[in-house]
2 protein chains.
Amino acid sequence: MPETPAAPDAKRPTLADVAARAGVSTALVSIVMRDAKGAGAATRERVLQAARDLGYRPDARARLLRSRRSRLLGVQFGLQQPFHADLVEGIYAAAEPAGYQIALSAVAAGRGEQRAVETLLADRCEALVLLGPQAPAARLAELAGQVPVVSVARRLRSPVPGLEVVRTADDEGARQAVDHLVGLGHRDIAHVDGGRAPGAADRRRGYRTAMNRHGLSGHIRVLAGGLTEEEGAAAARGLLAARPRPTAVLAFNDRCATGVLDVFLRSGVTVPGDISVVGFDDSHLARLAHIDLTTVGQDIPRLARLAVGRAVARLEGEEAATGEDVVAPRLVVRGTTAAPR
Amino acid sequence: MPETPAAPDAKRPTLADVAARAGVSTALVSIVMRDAKGAGAATRERVLQAARDLGYRPDARARLLRSRRSRLLGVQFGLQQPFHADLVEGIYAAAEPAGYQIALSAVAAGRGEQRAVETLLADRCEALVLLGPQAPAARLAELAGQVPVVSVARRLRSPVPGLEVVRTADDEGARQAVDHLVGLGHRDIAHVDGGRAPGAADRRRGYRTAMNRHGLSGHIRVLAGGLTEEEGAAAARGLLAARPRPTAVLAFNDRCATGVLDVFLRSGVTVPGDISVVGFDDSHLARLAHIDLTTVGQDIPRLARLAVGRAVARLEGEEAATGEDVVAPRLVVRGTTAAPR
DNA sequence: CGCAGGGGCTAGAACGTTCTAGGATCGGTC
DNA sequence: GACCGATCCTAGAACGTTCTAGCCCCTGCG
C-alpha cells in the first residue's frame with residue numbers, strides 16, 4: 001500500500017506513531033501532550049517535534065473514554081433565537097476558565113428537545129444546561145435523575161433535587177417597565193404576552209400586579225402574542241383597531257416588540273410620539289441604533305456565568321441543591337418611550 | 001459502598017452490566033443494541049428489558065473509538081447569523097437520512113474560526129462543513145489536506161483538491177435584482193455592499209455588470225455596507241443626504257436591507273413609494289409579513305443538501321473533486337419594490 | 001559501601017464499545 | 001454415521017488514550 005501524503009483514508013497519526021518516530025513510549029508522549037510533569041526537557045522537545053512533523057492531534061473521544069471525567073457540558077439551545085445565541089456566547093466564555101468544554105445541540109424544526117438531549121447524553125456530557133426548555137416538568141425531573149440539569153430562563157414550580165434554575169426575575173422586569181411608563185404619565189398600558197413561552201406567565205403576572213398597584217386595574221389589557229415578530233405584528237394590528245388605543249405597549253420580548261414597532265411605523269403611528277413601546281431581553285436587536293428600543297435588560301453574561309457555575313459546582317462534588325438563581329432585570333431606557341401626548 | 005439510585009457519581013451502566021443482568025455476553029448485547037442480526041427473538045427481548053431496567057445508554061464516544069468510521073460531520077457556523085441558523089437546520093435535515101451525525105461548533109466573540117475548527121477535528125469529525133468561512137484561503141487549503149472540507153457561501157479562487165465549494169450564484173442574483181428594478185422603470189439604482197464578507201465581491205460585480213448592460217454605467221453607485229443592520233442603516237443615512245437620491249437600493253443581505261428600510265421609514269421616505277429596496281438571502285427576516293422584503297432568494301435547503309451531499313460523497317470513497325456547486329438564486333418579489341414615481 | 005530518594009522513562013492494564021473468529025447445537029441429507 | 005449449513009451465541013482482540021506500578025540510573029548521605 002503506497003503512502004500518499006493526503007490519501008483518502010489516511011489514518012490520522014496516533015500516540016503510537018509519534019512515539020515510534022521520537023523513539024519513546026506512548027506513555028511518555030501522552031505525558032508530553034498533556035503538558036504533565038515527568039519528562040525531561042530534551043525528550044519533551046523531541047516528542048513535540050515528532051508530533052508536529054506528523055501533524056498529530058489528540059483524539060478527544062479516546063481521551064474522554066479513558067479518563068473518568070469528560071469535563072463536557074451539554075448545552076441545548078434554540079437555533080432561531082437570538083437570545084439563546086447570546087447566552088451560548090456567554091456560556092462558552094464562562095466554561096473555558098472553569099476548564100470545561102461545551103457540546104452544542106440545537107433545537108430546530110424537525111429536531112425536538114428530546115432528540116437534542118439524547119445526543120448530548122450519548123456524548124457523555126456530565127451535566128446539561130437547557131436554554132428555555134419547553135419540555136414538561138416531569139420530563140425534566142426524570143432527566144435530572146440521570147445527570148445534573150440547569151434550566152435557564154424557564155422557571156419550574158415543584159422543585160426536584162438535581163434540577164436547578166437560573167432565571168431573570170421576569171415579574172420584576174415587567175413591573176419596572178410598567179413603573180417607567182406610569183412615571184412618564186401613561187395609564188392605558190397594554191401587554192402583548194408570550195403565550196406559553198418560558199417566562200411568559202411571570203411577565204404577565206408582573207404586569208398585572210404592577211397595574212393594580214398603580215390603581216390601573218381598569219386599564220389592564222393582555223393580548224395574545226408570542227416570541228416572534230409575526231406574533232407581535234398580529235397583536236399590534238389588533239391594538240390599532242382598538243378604541244381607545246393604549247398609549248403604551250409592553251411586549252413579551254424584543255422580537256415581539258420589533259413586530260409591534262413595525263406595524264405602528266407603517267400605519268403612521270409614531271413611536272414614541274403616539275405610542276410608547278417597551279421590549280424585553282435587551283438582545284442585540286434592541287441595541288441597534290435604528291431600532292433603539294427601550295427594553296427590560298436581562299443580564300445575559302451573568303445568567304450564563306451562573307448556569308455554568310451551578311453545573312460545575314455540582315460536578316465538583318457539591319450537594320445537589322434544589323436551588324434557583326434569580327437575576328435582577330434592569331430597565332434600559334432608549335428611544336421608544338416618552339410621555340403620552 | 002451503598003447503592004443509592006441517584007448517587008452523585010453513579011457510574012452509568014455499560015454493556016457489561018446489561019450483559020450480566022441478561023445472562024449473556026457483551027457481544028450479544030452489542031448486537032441487540034445496534035439492531036444487527038444474529039440474535040434470537042427471545043434473548044433479544046430479554047436483553048432489551050435488562051437495558052431498560054438499568055437505564056442503559058450506549059456511549060457514543062466508545063462506539064466511535066472502536067468503529068473505524070465516526071460518521072460525524074463537523075459544522076462551523078456564526079452564532080449571530082440567522083442565515084447560518086437556517087443552513088444548520090437544513091444540514092441537520094440532510095445529514096440524518098444519509099446516516100451521519102452533526103457536531104456543531106460556533107464562531108462567536110472570543111471564539112474564532114481557528115478554535116471552532118480545532119474542536120471539530122479533535123472530536124474526530126470525518127469532514128468539515130464551513131458556513132461562510134472568513135479564514136484566509138491558504139488556511140482552508142491546509143485544512144483540506146487533512147480532511148474533506150466544504151465551504152458554503154464562500155467562493156474560493158484557486159481550486160485546491162479536497163476543498164469544495166457550495167454557493168449561490170451571487171453575481172447572477174445581483175443581476176436579477178437589477179433587471180427587476182430596471183424592468184419597473186428604475187435607472188438610478190444604488191448598491192449597499194457587504195465589504196469583505198463572503199459573496200460580497202461577486203454581488204458587487206454582478207450589480208456593476210448588470211448596470212452596464214442596461215446602459216446605466218453613469219448611475220453606478222456603490223456604498224460601503226456590511227452584513228448587519230447597523231451598517232445598512234449607516235449607508236442609508238448617506239443615501240438620504242445624497243442628491244440626486246437613488247430611486248432604488250440593492251442591499252448586500254436582508255439584515256443590511258432591514259437597516260436601510262428602517263432609516264427610510266423613520267425619515268418619512270416611503271418604501272416602495274419613494275424608494276424601492278431589495279435584499280439578499282430570503283432569510284426568515286424577509287419573509288415576515290411586516291417586513292415583506294423583495295429579496296434575492298438563496299435556496300437554503302438546497303445549499304444544505306448539496307453541502308452534505310458533497311461531504312458524504314467524499315467520505316463514501318468518491319474522488320476528491322475540486323468542484324463547485326453553484327445554485328441559482330431566485331428573485332422573490334414582495335412589497336418593497338414598485339415603479340418609481 | 002549501602003541505601004534512600006528522586007527524576008526520567010516504560011510496560012501493561014484499563015475505559016466501553018465493535019469486530020473477527022470461531023464454538024456449540026440442531027435438523028437434515030447422503 | 002459422517003457431514004453440512006444455519007442459527008445463536010461467545011471469547012478475545014482491537015480502537016487511542018490515560019493511569020498505575022515499577023524499573024533504572026544517578027546523587028548524596030550516613
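Chain naming here is simple, since letters A, B, ... match the order of the sequence lines and numbering starts at 1 in each.
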If you look at every strand shown and take non-hydrogen atoms under 4.0 Å, does [X] touch a base, only sugar-phosphate, or nothing?
X	answer
A:Gly40	sugar-phosphate
B:Ala39	sugar-phosphate
B:Arg61	nothing
A:Thr14	sugar-phosphate

Any side-chain donor-acceptor pair under 3.5 Å between [X] and [Y]?
X	Y	answer
B:Arg63	B:Ser67	no
A:Gln49	A:Arg52	yes
A:Ser151	A:Arg167	no

Run the numbers on A:Asp123 and A:Arg61 for salt bridge (Lys or Arg N to Asp or Glu O under 4.0 Å), then give the verdict. CA-CA 9 Å; A:Asp123 274 352; A:Arg61 307 191 112 86; 3.7 Å; yes
Minimum heavy-atom separation for A:Ala127 and A:Ala311, please, with both atom names. CB-CB, 4.1 Å
Assess whether atom CD of B:Glu96 is packed by more than 12 heavy atoms of other residues, nucleotides or ligands within 6.0 Å. no
Taking for B:Ser67 and for B:Ile31 the nucleotide of DNA chain D with the nearest heavy atom, the one nearer the 5' end belongs to B:Ile31
When B:Arg46 and B:Arg124 are each assigned the nearest nucleotide of DNA chain D, the 5'-most assignment goes to B:Arg46
Going 5' to 3' along DNA chain D, which nucleotides are the first and last within contact of chain B (any atom under 4.0 Å from a heavy atom)? D:dC8 to D:dG16
